[in-house]
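Note that ligands are numbered from 1 as they come in the structure, with each ligand's atoms numbered from 1 the same way.
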Amino acid sequence: MHIDHIGIAVKNLDEAIETYEKILNTKCDKKEIVESEKVATAFFNTGESKVELLGATEPDSVITKYIEKKGEGIHHVAFEVDDIYAELDRLRGEGFTVLNEQPKDGADNKLVAFLHPKGNHGVLVELCQSKKE
Ligand code: ZN
């Protein structure tokens with residue numbers, strides 16, 4: 001397992017992209033909309049792990065709700081796994097609350113599922129697995 005990316009919730013995606021292009025001194029690698037989540041994403045390649053900026057595309061997006069409650073900031077940490085189905089079974093067995101019955105399509109050509117922050121010391125954890133070509 002390694003950290004695939006850190007997800008950061010932002011109010012204005014374009015402004016945030018500019019900010020992170022300055023910080024990281026690199027261009028945004030990829031922009032993608034995840035319709036099911038009403039979220040626009042922007043990825044930065046930063047070596048082994050990436051930064052994923054998350055902006056709302058609709059007022060009822062999960063990101064809007066998150067920012068209303070907690071403000072902008074780190075939204076989730078994503079760990080890449082080889083077999084997301086096996087990992088979810090294992091973690092359910094350990095008593096973790098998995099927020100998705102089944103892994104779903106996420107950004108960056110991945111299958112993703114989330115673990116509720118309550119069981120993870122306040123951090124929303126994403127598991128992701130690259131889709132096989
Ligand atoms: Zn993510």
Exercise. Is the H75-Y66 ring centre distance short of 6.0 angstrom?
Worked result: yes
For this session: Examine H75 and say whether one of its N/O/S atoms is closer to the Zn ion (ligand 1) than 2.8 Å.
Result: no
For this session: Check the surroundings of atom CG in L24: do more than 12 heavy atoms from other residues, nucleotides or ligands lie under 6.0 Å from it?
Result: yes
Exercise. Quick one: angle H5 NE2 - the Zn ion (ligand 1) - H76 NE2, to the nearest 10°?
Worked result: 110°
For this session: Measuring from the Zn ion (ligand 1), name the closest N, O or S atom belonging to E126.
Result: OE1
Problem set entry | E52, N/O/S atom nearest the Zn ion (ligand 1) | OE1
For this session: Please confirm whether the backbone N or O of I3 pairs with a side-chain atom of S49, one donor and one acceptor, at under 3.5 Å?
Result: yes
Exercise. Taking the inter-plane angle between the rings of F44 and Y20 on a 0 to 90° scale, is it parallel (under 30°), tilted (30 to 60°) or perpendicular (over 60°)?
Worked result: tilted
